[in-house]
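Report on the following structure.
Worth knowing before you read on, the calculation uses all heavy atoms, side chains too, and leaves out hydrogens, waters and symmetry mates.
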Amino acid sequence: MLRLSTLFLRTLRDDPADAEVPSHKLLVRAGYVRRVAPGIYSWLPLGVIVQENVATVVREEMNRIGSQEVHFPALIPREIFEESGRWAAYGDTLFRLKDRKDVDYLLAPTHEELFTLLVKGEYSSYKDYPLALYQIQTKYRDEARPRAGILRGREFVMKDSYSFDISHEGLEKSYRAHRDAYERIFSRLGFDYRIVFAVSGAMGGSASEEFLAPAPSGEDTFVQCTNCDYAANTEAVEIAAPQRHDPQDHPPQQVLDTPDTPTIDTLVERMRDLGHDTTAAATLKNVVLRTRAPGADAWELLVVGVPGDREVDLKRLAGQLEPVVVEQAGPEDLATQPGLVKGYIGPQALADLKVRYLVDPLVVEGSAWVTGANAEGKHAADVVRGRDFTPDGEIGAVEIRDGDRCARCGSPLEIARGIELGHVFQLGETYAKTFGLTALDQNGKPVTITMGSYGVGVTRAVAALAEQTFDEKGLCWPRIISPADVHLVATGKDDTVFAAAETLAAELEAAGVRVLFDDRRGVSPGVKFKDAELIGVPTIAIVGKGLADGTIEVRDRKSDECRDVPVADAAQAIVTAVRD
RNA sequence: CGGGGAGUGGCGCAGUGGUAGCGCACCAGCUUUGGGUGCUGGCGGUCGGGGGUUCGAAUCCCCCCUCCCCGACCA
């Protein structure tokens, strides 16, 4: 039983000045956490309990799919990250330190290396697999800008797990098992969440999905269909392309004099003057970028074609091209290819110039465009894909807009913000290859192990749940992670009130109900009620005024519904409420 | 790294040159006991740091540091 008379807790009336998002304000005000340094927090007793409750659910579901708990150090010698290349690759985000002998160490931001090495040291036969391991551990990332309190810290607790399989089919199965486990975890924790497609990124895996909790304070932007269950983050999203046409179904292309029209706006205006009813959406904008493959030292030009009313989303491109680096081309890059006339670039000439050309899927086969004619002051109309030019490929390049159409069902998409709760990810052989994690197969031949990587932010889940459940009065926890089942308030100066409350508390505890008992003497009722609401335990029971009539009040924190229950029935009524 | 804002008791804030104050919290007493009760008296601060101007600096000048927000970044 937690007693407020002795609990290490001090609630605050005012929001902390440095807090912006609701979870941060409330977790501080209600005495769950205190800030120590940017992105670094201390957890007070109530916070520890809530965090532990989240961890318990995560453990149960990991164990249920046969994953086994291990624990790695956070302090790791440089060599291990040197071997994976991440001592250099991680950059400033890695916390680095030295021991007394001047040897380099790091505080682990994640543990792929250690999981891989551990398994390598123990297992060597195909008979040992499949295997799944996990840990719940503190991670360290020197974020450029920690923000939003607990939501993005430099020190945070994460459950990370890895699956090890000898075949891709095995990996698929392991991935599925983790995905299912994550669905159970987030459902049980009481989240409203979405599973969104993500890009697989640098690790070269084939599947990657994120679990996002929609919240205005979320820092991830994602796209969801207003009709079907399609959702993707903005880097991975696909949108419906327009109908294809027969490329021959258009008048022949014609070159037009369009002096001083290097931008889409000036071009549209000029076309109007020429008597054409051209909109920006009917023009084809060709943006010059440059790419560099990993290990290469030279940049290569890449031109991307998008409708003129759209911007190119570099982040989205980068996500798809990774590990190839992409950025805006500068004047010096353009200078290497005199055939590209700035402001008047058209795809008609790119093949001859041997410049790689990709189009957004919105530029469908058979579509006709007004675009550059590759000469100063010249544009061309009725330039048709499949007739007048053929791109080297398609890539989702345009900035997604609210109202774009779902690729699956054609309904409008909407853009929303979310908090990334978890990530499931087919890592593949990357780390197994780096560290030589293999197993002998039935024929005695070594096969490389294929891995999956799965993460849940435990401390972040606490804050995210606060974000999704708080109200104007304070926190409002789902029962499963609440620091207690019932917040029992004794109010009044009469000893009989406190005696009755003590009895009730003991009965509840005997019935297995977790009780937070406000047994403070000399604290006014208003203060106790406000504290109870701020702390956010789902059921509040009040022993006070009603005791004279032989009743105890039982109140639901969320709905505010309340009823008076005879003292004799109170324990049973609360047990029932709590077991709902 | 770019832009904006801010550093004054534990927390939230006021204080434009005269030697630091209010609210919350905390301690003592009285009061009050169903919505942060009221009154009285207390504890607690080298005003982010350094230098300068001045008889005198939280306040003016210079340099530095830190924090918050937006953006960039975030396997």
Side-chain angles (χ1 to χ4, degrees), chain A residues 9-21 24-25 28-29 31 34-40 81 84-94 108-113 139 141-149 151-154 156 158 160 162 198-205 208 210 217 219-220 233 235 314-315 318-319 322-323 327 420 423 425 427-428 430-431 434 451 453-455 457 460 473-474 489-495 497-498 518 520-534 540 542-549 551-553 555 560 562 564:
Chain A
L9 172 76
R10 198 105 299 162
T11 58
L12 306 175
R13 285 198 198 197
D14 297 314
D15 285 333
D18 61 357
E20 199 71 17
V21 301
H24 188 192
K25 290 178 180 170
V28 171
R29 276 190 58 206
R34 290 288 182 263
R35 196 191 82 109
V36 172
I40 303 177
F81 264 56
S84 64
R86 294 209 294 189
W87 178 263
Y90 232 100
D92 290 338
T93 306
L94 196 61
T110 167
H111 281 80
E112 281 83 358
E113 288 86 351
K139 307 291 186 195
R141 295 184 192 176
D142 192 359
E143 299 284 353
R145 189 159 83 81
R147 56 177 293 274
L151 280 175
R152 176 176 288 280
R154 294 193 294 170
F156 59 97
M158 177 169 158
D160 52 328
Y162 294 86
V199 290
S200 39
M203 298 305 162
S208 173
E210 290 171 356
S217 53
E219 50 185 340
D220 288 14
N233 73 24
E235 290 156 44
L314 264 180
K315 213 172 159 181
E322 218 177 332
E327 55 184 50
E420 185 180 344
H423 195 174
F425 180 28
L427 198 53
T430 316
Y431 283 91
T434 301
M451 292 166 57
S453 159
Y454 319 92
R460 177 180 285 180
K473 293 178 191 157
V489 176
T491 170
K493 28 183 355 182
D494 199 341
D495 283 344
V497 166
F498 284 85
D518 193 345
R520 292 174 294 178
R521 296 279 187 149
V523 175
S524 73
V527 170
K528 292 188 171 187
F529 297 151
K530 291 287 185 197
D531 275 347
E533 284 154 357
L534 180 60
I540 298 169
I542 302 161
V543 183
K545 198 173 67 176
L547 196 62
D549 309 320
T551 63
I552 281 165
E553 182 178 329
R555 187 179 283 268
D560 213 31
C562 89
D564 293 324

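F81(A) pairs by the ring pair (Phe, Tyr, Trp, His ring centres under 6.0 Å) definition with nothing, not counting sequence neighbours.
Only the C1' atoms considered, C43(B) is 15 Å distant from G29(B), to the nearest whole Å. Of the P atoms belonging to G49(B) and C55(B), the separation is 24 Å, rounded to the nearest Å. Taking atom C1' on both nucleotides, U16(B) is separated from G9(B) by 23 Å, rounded to a whole Å.
For the strand RNA chain B, secondary-structure stems (runs of at least three Watson-Crick or G-U pairs, all distances below 3.5 Å) span B:1-7 with B:65-71, B:10-13 with B:21-24, B:26-30 with B:38-42, B:48-52 with B:60-64.
When each of G522(A) and P146(A) is assigned the nucleotide of RNA chain B bearing its nearest heavy atom, the one mapping closer to the 5' terminus is G522(A). Residue whose closest nucleotide on RNA chain B sits further toward the 5' end, between A37(A) and V523(A): V523(A).
Counting any heavy atom pair closer than 4.0 Å across all strands shown, R10(A) reaches sugar-phosphate atoms only and no base atom. Here E533(A) lies in heavy-atom contact (under 4.0 Å) with a base. Using a 4.0 Å heavy-atom criterion, one finds that D531(A) contacts the bases of the nucleic acid, with or without backbone contacts as well. Residue contacts for R147(A): at a heavy-atom cut-off of 4.0 Å it reaches the sugar-phosphate backbone alone, with no base atom in range. At the heavy-atom level, E553(A) lies under 4.0 Å from base atoms of the strands shown. As judged by a 4.0 angstrom heavy-atom cut-off over every strand, R34(A) is placed among residues making no nucleic acid contact.
A cation-pi contact, defined as under 6.0 Å to the ring centre and within 45° of the axis, is absent between R460(A) and F156(A).
Distance alone, capped at 3.5 Å, is enough to place a donor-acceptor pair between the R34(A) side chain and the V28(A) backbone.
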